Amino acid sequence: MDASSDTAIATLLLDWYDIHARSLPWRAPPGTPAPDPYRVWLSEVMLQQTTVAAVKDYFAAFTTRWPDVAALASAPDEDVMAAWAGLGYYARARNLLACAREVAASGGRFPDTEEGLRALPGLGAYTAAAVAAIAFGRRAVVVDANVERVVSRLSAIDTPIPAARPLIRQKADAITPDGRSGDFAQAMMDLGATVCTPRNPRCLLCPLAAGCAARTMGDPGRYPVKAPKTSKPVRQGRAFWIERDCGAAGTEVWLVRRPATGMLGGMRALPDDGWNARADGSGGEPLKGLWRTAGRVGHVFSHFALELEVALHCGTRVQAMGEGEWWPLERLDEAGLPTVFAKAARLALGQKEDA
DNA sequence: GATACGTGGGC
DNA sequence: TGCCCAAGTAT
């Protein structure tokens with residue numbers, strides 16, 4: 001593909017975007033001034049490995065509660081972690097706060113260059129390029145999974161990802177125009193999300209179909225080529241649901257805070273028997289007395305699956321065990337439990353209703 | 001380069 | 001139903 005056709009790709013794509021751009025809460029319409037860098041940054045971090053549909057409510061909640069970077073920087077850790085609960089990849093929330101505080105401490109404005117952005121916590125190559133392009137109009141080569149798919153199809157790249165990444169980046173660089181940087185980046189992502197989809201791409205609607213090698217060869221869905229996935233181990237574990245003043249008004253449950261790093265790091269949780277990605281749980285109940293089983297919940301993490309037995313202890317005047325807090329059942333939805341523990345809680349509460 | 005790190009939706 | 005996938009980053 002020569003330079004003139006590379007230019008043609010950008011023109012065709014931007015013309016398509018002028019008509020078909022998705023309207024999203026964090027986005028400015030095509031050709032209009034860039035949105036607030038805080039909102040661009042926040043949305044990009046939330047969107048890392050996460051679907052637009054899942055992000056929308058969280059983005060609204062965060063921007064309502066913390067309208068600017070100074071407000072977010074001032075928020076207590078536990079409030080931000082709880083607000084992130086359910087969105088996954090919790091290191092993002094920890095890095096989000098660290099980044100907000102770093103920006104706030106250095107004057108309250110985000111760096112306006114890709115290099116400056118890349119130095120902030122939680123901003124890797126993709127996010128730094130995306131914010132530089134979308135919020136600051138900088139020319140940047142923005143490569144996410146959508147761009148990888150579009151480019152690997154345009155050029156029919158047979159090398160599997162991740163080995164193909166340097167070539168994909170080079171091809172993406174070649175078609176990235178000097179102007180309309182933010183629009184171009186978002187146009188590539190919109191094309192990938194709505195037309196050049198992973199399965200059953202809608203080539204008849206694609207503005208780039210005429211120059212697409214994969215389309216010409218007849219099987220665009222074959223790209224990008226990826227290495228086969230390895231299967232996930234299945235681990236066994238137990239979680240402990242401990243109530244005090246069981247059945248009374250104002251019943252509370254014992255919650256702990258997970259260590260700051262690792263699985264579900266920094267999140268509120270039920271006590272458990274130490275299950276992790278590498279081993280089944282092996283610890284005993286944190287409290288002597290009568291236990292019964294509520295049942296099991298299944299949960300699939302990014303790199304393993306868990307079968308979690310939920311053990312119940314319903315006592316009166318239960319003593320506190322180590323670090324943790326008694327949490328009122330009627331406010332449990334505000335505790336910010338990660339999904340696996342929210343499932344366990346639902347099971348435990350269902351048992352109570354049955355009893 | 002390989003691995004750890006969540007979750008929900010689509011087919 | 002189970003597998004694939006998503007606007008990746010840190011180590």
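Everything numeric in this text was worked out from a predicted model, so none of it was measured. Residue numbers begin at 1 in each chain, while the letters A, B, ... track the order of the sequences.
Between A:H303 atom NE2 and C:dG8 atom P the separation is 19 Å, expressed in whole Å. Distance A:R118 CZ to C:dG8 C1': 10 Å, rounded to the nearest Å. In this entry the distance linking CE of A:M189 with P of C:dA7 reads 9 Å, nearest Å. To the nearest angstrom, P of C:dA6 lies 9 Å from CG of A:D144. Between the CH2 atom of A:W41 and the P atom of C:dT9 there is a distance of 14 Å, rounded to whole Å. The separation between A:R199 atom CZ and C:dA6 atom P is 9 Å, rounded to whole Å. Rounded to whole Å, the distance from OH on A:Y126 to P on C:dG8 is 6 Å. One interatomic measurement links the two molecules: OH of A:Y90 to C1' of C:dT9, which rounds to 17 Å at whole-angstrom precision.
Under the 3.5 Å distance criterion, the side-chain polar atoms of A:R169 are left unmatched by any main-chain donor or acceptor of A:V143.
Taking every nucleotide of DNA chain B with any atom under 4.0 Å from a non-hydrogen atom of chain A, the first and last of them, 5' to 3', are B:dA4 to B:dG10.
With sequence neighbours left out, A:D272 forms a salt bridge (charged side-chain N to carboxylate O under 4.0 Å, His left out) with A:R258. In this view, A:E102 satisfies the salt bridge (charged side-chain N to carboxylate O under 4.0 Å, His left out) rule with no residue, not counting sequence neighbours. Here A:P67 pairs with A:A71 under the side chain to side chain contact (heavy atoms under 4.5 Å, CB included) rule; sequence neighbours left out. Residues meeting the salt bridge (charged side-chain N to carboxylate O under 4.0 Å, His left out) test with A:D245, sequence neighbours left out: none. The salt bridge (charged side-chain N to carboxylate O under 4.0 Å, His left out) test applied to A:D18 returns A:R180, not counting sequence neighbours.
Among the atoms of the strands shown, none is found under 4.0 Å from any heavy atom of A:V55. Here A:L87 lies in heavy-atom contact (under 4.0 Å) with a base. A:L24 comes within contact range of at least one nucleobase, with a heavy-atom separation under 4.0 Å. No contact: A:S43 has no heavy atom under 4.0 Å from any strand. At the heavy-atom level, A:A185 lies nowhere under 4.0 Å from the strands shown. When heavy atoms are screened at a 4.0 angstrom cut-off, A:T339 is found touching the sugar-phosphate backbone but no base atom. No engagement by A:G265 is indicated, since no non-hydrogen atom pair under 4.0 Å with the nucleic acid exists. Contacts of A:W26 with the nucleic acid, taken as non-hydrogen atoms under 4.0 Å apart, include base atoms. Using a 4.0 Å heavy-atom cutoff across all strands shown, A:A54 reaches no nucleic acid atom at all. Residue contacts shown for A:R94 are absent, as no nucleic acid heavy atom lies under 4.0 Å away. In this structure, A:M263 reaches the sugar-phosphate backbone alone: every heavy-atom distance under 4.0 Å involves primed, P, OP1 or OP2 atoms, never a base.
Contacts between residues 76-83 of chain A and DNA chain C, defined by a heavy-atom separation below 4.0 Å, involve no residue at all. DNA chain C is contacted by A:K226, A:K229 of residues 226-237 of chain A, taking any non-hydrogen atom closer than 4.0 Å.
The shortest distance between the side-chain N/O atoms of A:T127 and the OP1/OP2 oxygens of C:dT9 is below 4.0 Å. OP1 or OP2 of C:dG8 lies within a sub-4.0 Å distance of a side-chain N or O belonging to A:Q49.
Between the P atoms of C:dA7 and B:dC11, the separation comes to 15 Å (whole Å).
A residue-by-residue look at A:A53 and A:G262 shows that A:G262 has its nearest nucleotide of DNA chain B further toward the 5' end. Along DNA chain B, the nucleotide closest to A:N200 and the one closest to A:R92 are compared, and the more 5′ of them pairs with A:R92. Heavy-atom distances to DNA chain C give each of A:G122 and A:L47 a nearest nucleotide, and the one nearer the 5′ end belongs to A:L47. Two residues, A:G192 and A:L120, neighbour DNA chain C, and the one matched to the more 5' nucleotide by heavy-atom proximity is A:G192.
The side-chain hydrogen bond (donor to acceptor under 3.5 Å, both in side chains) pairs that include a residue from residues 156-166 of chain A are A:E148-A:R165, A:D158-A:R222, A:D158-A:Y223, where partners are two or more places apart or lie in different chains. Counting only residues at least two apart or in different chains, side-chain hydrogen bond (donor to acceptor under 3.5 Å, both in side chains) contacts with residues 184-195 of chain A comprise A:R22-A:D190, A:R27-A:Q186, A:R27-A:D190. Sorted by first and then second residue, the side-chain hydrogen bond (donor to acceptor under 3.5 Å, both in side chains) pairs involving residues 40-52 of chain A (not counting sequence neighbours) are A:E44-A:Y126, A:Q48-A:T127, A:T50-A:R92.
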Donor-acceptor pairs under 3.5 Å, side chain of residues 278-285 of chain A to any protein atom, not counting sequence neighbours: which ones?
{"from": "A:D280", "atom 1": "OD1", "to": "A:Q236", "atom 2": "N", "distance (Å)": "2.9"}
{"from": "A:E285", "atom 1": "OE2", "to": "A:R238", "atom 2": "NH1", "distance (Å)": "3.2"}

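You'll find a donor-acceptor pair under 3.5 Å spanning the side chain of A:R22 and the base of C:dA7, going by distance alone.
Here the side chains of A:R331 and A:E252 are not in contact, with every heavy-atom distance at 4.5 Å or above. Using a 4.5 Å cut-off on side-chain heavy atoms (C-beta onward), A:F240 and A:W254 make no contact.
Using a 30° and 60° split on the angle between ring planes, A:W275 and A:F304 fall in the tilted class, from 30° to 60°.
Rounding to the nearest 0.5 Å gives a distance of 12.5 Å between CZ of A:F62 and CG of A:D57.
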